[in-house]
Amino acid sequence: MDTRFLQSFIHVVESGSIAEAARRLDLTPASVAQRLKALEASVGSKLVARSGRNVRPTVAGNRIMERARRLVDEVRDLKSAASGTDMPAGPLRLGATPTALTGIVPTVLKQWVARHPDIEIYIDPGSTVRLYSRVLAGELDAAVLVHPLFDLPKGYAWCPLREEPLILLTRHDVSGRDALAIAAREPFIRYDRSVVGGRLADDYLRERGIRPHVRFELDGIESIAKLVSEGLGVSVLPDWPVIGPADPALKKWTLPAPRPTRTVGVLWQPSSVRAQLVQAFVQLALAGKRRRTG
């Protein structure tokens with residue numbers, strides 16, 4: 001049995017669409033359909049059923065889904081362990097939040113290419129909640145994300161890379177001396193309260209009796225920063241990293257202490273076959289952190 005057929009089956013079931021599975025696998029829909037037929041012939045059962053453009057697993061398909069995932073993972077682990085070098089073979093499956101992708105990961109990848117040019121990294125962007133779940137499910141080897149507001153489960157490793165205190169973000173021409181007074185006075189762009197940074201910001205303002213005049217609420221720090229630069233409001237955000245020159249249209253204000261801080265770091269499972277690759281990534285990230293602060 002070709003594990004590529006199992007991988008195609010998994011993608012079809014997860015996406016509910018042969019066309020979407022083909023896009024993820026960089027194949028034609030006809031190729032994915034052929035793989036499904038070959039897999040069904042191999043196991044002797046119909047595994048998926050079509051309903052218009054949608055595809056759903058049959059009873060047999062549901063029964064083998066988890067085993068198919070385990071088989072694919074086991075084969076991938078076997079290939080990594082069979083490396084002829086002192087490092088496991090890749091690819092390293094790495095998740096990263098949008099701000100990590102633009103502020104932390106690029107400099108680490110530059111060092112990675114110089115040190116490990118033959119080891120590929122597959123990067124999966126997403127929110128902290130999504131990446132956290134994928135690491136725990138074994139779908140990612142590691143993720144650069146925000147530490148949740150609860151303790152991490154036992155058996156997982158965590159390395160902090162950056163502390164990001166809350167700041168007030170305004171246009172450069174906003175006047176005033178008191179950051180909290182400005183937050184209370186100006187139209188406000190709220191950072192999504194379903195994410196860690198947004199919850200910290202909302203709690204901070206509430207504890208100080210500030211009820212801002214909310215104009216928008218959304219996730220995505222850089223998207224909020226763009227709205228602020230256009231003069232659509234001010235916002236309380238974690239002080240995220242930016243590669244290159246800062247936007248001259250923006251101004252960051254220090255908030256009165258005590259101000260909450262979110263921690264960005266790497267989460268991974270030390271027992272993974274590719275844990276050594278994760279540790280190599282973490283060491284490069286820490287070295288870059290020392291250069292920036294030193």
Side-chain angles (χ1 to χ4, degrees), residues 7 10-11 14 23-26 69 72-83 85-148 152-153 155-164 195-197 219-222 238 240-243 262-292:
Q7 187 67 70
I10 292 168
H11 278 292
E14 288 179 342
R23 188 191 67 79
R24 293 183 186 181
L25 294 165
D26 197 22
R69 286 195 180 104
V72 170
D73 287 343
E74 286 291 338
V75 170
R76 181 169 176 269
D77 287 350
L78 185 147
K79 291 179 179 178
S80 290
S83 169
T85 70
D86 59 349
M87 295 279 280
L92 171 65
R93 297 177 300 180
L94 178 71
T97 61
T99 53
L101 274 176
T102 57
I104 295 176
V105 173
T107 54
V108 183
L109 293 182
K110 186 175 182 179
Q111 295 298 317
W112 182 274
V113 170
R115 298 280 188 90
H116 311 290
D118 298 325
I119 301 178
E120 179 186 357
I121 295 184
Y122 166 79
I123 301 175
D124 182 18
S127 67
T128 285
V129 172
R130 176 176 174 273
L131 298 178
Y132 176 84
S133 297
R134 295 204 70 196
V135 171
L136 266 60
E139 297 169 358
L140 292 173
D141 298 313
V144 184
L145 44 71
V146 178
H147 194 295
L152 298 173
Y156 289 83
W158 169 261
C159 179
L161 297 179
R162 180 179 167 87
E163 299 291 326
E164 298 178 353
V195 301
V196 171
D219 192 6
I221 290 178
E222 292 184 333
W240 77 106
V242 177
I243 293 178
R262 77 172 189 178
T263 303
V264 178
V266 182
L267 174 70
W268 76 98
Q269 190 173 12
S271 60
S272 165
V273 172
R274 286 164 297 279
Q276 189 178 353
L277 298 181
V278 179
Q279 290 163 0
F281 181 91
V282 169
Q283 290 305 313
L284 291 176
L286 291 174
K289 177 183 177 181
R290 287 192 291 269
R291 285 194 296 271
R292 290 190 300 271

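Values reported hereafter were calculated over all heavy atoms of this structure, with side chains retained and with hydrogens, waters and symmetry mates removed.
- For the pair S127/V195, no side-chain contact is recorded, criterion being any heavy-atom separation below 4.5 Å from C-beta on.
- Considering OG1 of T99 and CG of L145, their distance stands at 10.0 Å, rounded to 0.5 Å.
- How far OG1 of T128 is from CG of D219: 9.0 Å, rounded to the nearest 0.5 Å.
- Between V273 and A81, the shortest heavy-atom contact is CG1-N, 3.9 Å.
- Scanning for salt bridge (charged side-chain N to carboxylate O under 4.0 Å, His left out) contacts around R130 gives D124, with sequence neighbours left out.
- The salt bridge (charged side-chain N to carboxylate O under 4.0 Å, His left out) search around R274 returns D77, D141, not counting sequence neighbours.
- Between L140 and L94, every side-chain heavy-atom pair lies at or beyond the 4.5 Å cut-off.
- From L284, atom CG reaches atom CZ of R115 across 5.5 Å, with rounding to the nearest 0.5 Å.
- With rounding to the nearest 0.5 Å, the separation of OG1 in T97 from CD1 in I104 is 7.0 Å.
- Closest approach of L277 to G90, counting heavy atoms only: CD1-CA, 4.1 Å.
- A ring pair (Phe, Tyr, Trp, His ring centres under 6.0 Å) check over residues 122-142, counting only residues at least two apart or in different chains, returns the pairs Y132-F150.
- With a 4.5 Å cut-off on side-chain heavy atoms, P241 and R162 count as touching.
- For the atom pair NZ of K79 and CZ of R76, the computed distance is 10.0 Å after rounding to the nearest 0.5 Å.
- A donor-acceptor pair is defined here as one N or O able to donate and one able to accept, closer than 3.5 Å; no such pair exists between the side chain of E164 and the backbone of V146.
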Discussion item. Using side chain to side chain contact (heavy atoms under 4.5 Å, CB included), reason through V278 and V266 one step at a time and then give a plain yes or no.
Written reply: CA-CA 9 Å; V278 179; V266 182; 4.3 Å; yes

Worksheet item: Could you go step by step and tell me if L286 and Q283 meet the side chain to side chain contact (heavy atoms under 4.5 Å, CB included) rule?
Response: CA-CA 5 Å; L286 291 174; Q283 290 305 313; 4.3 Å; yes

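- Annotation: salt bridge (charged side-chain N to carboxylate O under 4.0 Å, His left out) contacts of E163 (sequence neighbours excluded): none.
- Aromatic ring pairs are classed by plane angle as parallel below 30°, tilted from 30° to 60° and perpendicular above 60°; the pair W112 and F281 is tilted.
- The closest side-chain heavy-atom distance from H147 to L267 is not below 4.5 Å.
- Shown here are the salt bridge (charged side-chain N to carboxylate O under 4.0 Å, His left out) partners of E14, two or more places apart in sequence or in another chain: R69.
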Discussion item. With side chain to side chain contact (heavy atoms under 4.5 Å, CB included) as the criterion, how do V105 and V144 come out once you've worked through the C-alpha distance, each side chain's angles and the decisive distance to 0.1 Å?
Written reply: CA-CA 8 Å; V105 173; V144 184; 4.3 Å; yes

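- Note: T102 OG1 to W240 CH2 = 9.5 Å, rounded to the nearest 0.5 Å.
- Shown here for I119 and P88, the closest heavy-atom pair between the two residues is CD1-O, 4.1 Å.
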Discussion item. Checking V135 against Q269 for the side chain to side chain contact (heavy atoms under 4.5 Å, CB included) test, could you report, in this order, the C-alpha distance in whole Å, the side-chain angles of both residues, the deciding distance, and whether it holds?
Written reply: CA-CA 8 Å; V135 171; Q269 190 173 12; 5.7 Å; no

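- E120 meets the side chain to side chain contact (heavy atoms under 4.5 Å, CB included) test with P91; sequence neighbours excluded.
- A pairwise comparison of heavy atoms in A100 and A96 identifies CB-CB, 4.4 Å as the closest pair.
- Residues Y156 and P270 approach most closely at CA-CD, 4.0 Å, considering heavy atoms.
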